[in-house]
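The structure displayed is predicted, hence computed values, not measured ones.
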Amino acid sequence: MANTDDDRRPKYQRIADSLREAIQSGEYGPGDRLPGENELMAAHGVARMTARQALSVLRDEGVAEARKGAGVFVRAFRPLRRRGIQRLSQQQWGSGRSIWSADIENRSLEVDQVSVSEEAAPERISAVLDLADDETVCVRRRRFVLEGKPVLLATSYLPTSVVAGSAITQEDTGPGGTYARLAELGYKPVHFREEIRSRMPSKDEAAQLSMSSGTPVILICRTAYADEGRPVEINEMTLDAASYILEYDFDA
């Protein structure tokens, strides 16, 4: 009988596929320990390096995680469903709710590594915000940690001339966050644009997000516009791709 395409796959890939199928079927649940290298070697008649590669595939996909001295386990973290349209509605932030509350349900979210500063605007930011050469921006940097797992790095840029003296220049912007404060200042966001792309993380990004080796990041750049098309905020976000499902729900 001729070999099938599946038969021609590398042995480590076939082992990884069988383990993935076992996880998807529920044979191994979140937090369960997967067979170790010795067990895979015995069960499949392969060398240690082949068994190691199979487990590495699952770790790189974000399906499994290694625990030092204990083995490789099915990743217990439940991906965050980011509702791209609902979270930005005025009904959300205009009522004093965080835009994150549209995503996290009753899960625990912490914002840490918060810093707020006034800086010269990078050229790419200045061009989008249509700033004069000598205009500065308020820069808000923070990290979002869901149930103990870092999932997002965010840096927002807002014209200093718009936000000076407001709560936006403080670490805690208050109920409804930055968009509610912009509305109070007379710059209510009425339109948003998000651009999405993906790449591998830098060493610093991988460390800050506690990412598994081989996992990419999702880059989202959101621009918020007030009346008459005036851009009032740019938010550059770096997401752990294994921690997210991006959902866009809209009528035809």
Are [Y] and [X] connected in a single hydrophobic cluster, I mean Ile/Leu/Val/Met/Phe/Trp/Tyr linked by side-chain heavy atoms less than 4.5 Å apart?
X    : Y    : answer
V57  : M41  : no
L58  : F73  : no
I125 : V139 : yes
I104 : L246 : yes
V162 : V190 : no

Measure the [atom1]-[atom2] distance between [X] and [Y] for me, rounded to the nearest 0.5 Å.
X    : Y    : atom1 : atom2 : value
L109 : S101 : CG    : OG    : 10.0 Å
E21  : E27  : CD    : CD    : 10.5 Å
I99  : Q86  : CD1   : CD    : 12.5 Å
E147 : L80  : CD    : CG    : 9.5 Å
R143 : D112 : CZ    : CG    : 4.0 Å
R142 : L153 : CZ    : CG    : 10.5 Å

Would you be so kind as to tabulate the donor-acceptor pairs closer than 3.5 Å made by side chains of residues 168-175, with sequence neighbours excluded?
residue : atom : partner : partner atom : Å
T169    : OG1  : S166    : O            : 2.7
D172    : OD1  : G174    : N            : 2.9

Charged N to carboxylate O under 4.0 angstrom, [X] versus [Y]?
X    : Y    : answer
R20  : D17  : yes
R193 : E195 : yes
K149 : E110 : no
E39  : R33  : yes
R83  : D103 : no

Where the side chain of [X] meets the backbone of [Y], is there a donor-acceptor pair that is under 3.5 Å apart?
X    : Y    : value
R199 : R197 : no
W93  : L88  : yes
R97  : G176 : no

**Report entry** Steps toward side chain to side chain contact (heavy atoms under 4.5 Å, CB included) verdict (D240, E205)
**Finding:** CA-CA 9 Å; D240 173 3; E205 290 167 340; over 6 Å; no

Just by distance, with hydrogens left out, do [X] and [Y] show a side-chain donor and acceptor under 3.5 Å apart?
X    : Y    : value
E233 : S156 : yes
E119 : S117 : yes
T178 : R181 : no

Identify the two heavy atoms, one from [X] and one from [Y], that lie closest to each other, and give their separation to 0.1 Å.
X   : Y    : result
R75 : A242 : NH1-O, 3.2 Å
E65 : R67  : OE2-NH2, 3.6 Å
A22 : S25  : O-OG, 3.0 Å
L40 : A51  : CB-CB, 3.8 Å
G36 : L55  : C-CD1, 4.4 Å

Query - Audit row: V111, V145, side chain to side chain contact (heavy atoms under 4.5 Å, CB included) steps and yes/no - result: CA-CA 6 Å; V111 184; V145 182; over 6 Å; no

Report task. Kindly confirm or rule out a cation-pi arrangement of R230 over Y225, judged by NZ or CZ under 6.0 Å from the six-membered ring centre and within 45° of its axis? Result ->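 No, R230 does not sit over the ring of Y225.
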
**Report entry** Sequence-distant partners of P216, side chain to side chain contact (heavy atoms under 4.5 Å, CB included), two or more places apart
**Finding:**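 Only S198, M200, A241 meet the side chain to side chain contact (heavy atoms under 4.5 Å, CB included) criterion with P216.
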
Report task. Could you pull out all residues at least two apart from S89 that satisfy side chain to side chain contact (heavy atoms under 4.5 Å, CB included)? Result ->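 Counting only residues at least two positions away or on another chain, S89 forms a side chain to side chain contact (heavy atoms under 4.5 Å, CB included) with Q91, Q92.
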
Report task. Assess whether salt bridge (Lys or Arg N to Asp or Glu O under 4.0 Å) is satisfied between R87 and E247, documenting all intermediate values. Result -> CA-CA 11 Å; R87 69 198 312 271; E247 177 183 298; over 6 Å; no

4.5 Å side-chain heavy-atom contact, [X] and [Y]:
X    : Y    : value
C221 : I234 : yes
Q113 : Q208 : yes
D249 : I85  : no
P79  : S243 : no
I23  : V63  : yes
R124 : Y157 : yes
P35  : L19  : yes
L219 : I196 : no

Which pairs would a plain distance check flag for residues 43-50, meaning a side-chain donor or acceptor within less than 3.5 Å of a matching protein atom at least two apart in sequence or in another chain?
residue : atom : partner : partner atom : Å
R48     : NH1  : E37     : OE1          : 3.1
R48     : NH1  : N38     : OD1          : 3.1
R48     : NH2  : N38     : OD1          : 2.7

Expected list for residues 126-138: side-chain donor-acceptor pairs under 3.5 angstrom, two or more places apart:
residue : atom : partner : partner atom : Å
E135    : OE2  : A132    : N            : 2.8
T136    : OG1  : E118    : OE2          : 2.8
T136    : OG1  : T160    : OG1          : 2.9

**Report entry** side chain to side chain contact (heavy atoms under 4.5 Å, CB included) between K11 and Q53, worked out
**Finding:** CA-CA 9 Å; K11 286 185 178 180; Q53 284 179 297; over 6 Å; no

Query - Summary of side-chain hydrogen bond (donor to acceptor under 3.5 Å, both in side chains) pairs that have at least one residue in residues 214-223, sequence neighbours excluded - result: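 Sorted result for residues 214-223: Y179-R222, E194-R222.
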
Query raised in the report: With a cut-off of 6.0 Å (strictly less than), are more than 12 heavy atoms of other residues, nucleotides or ligands near OH of Y248?
Result: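 Yes, because the 6.0 Å sphere around OH of Y248 holds more than 12 heavy atoms from other groups.
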
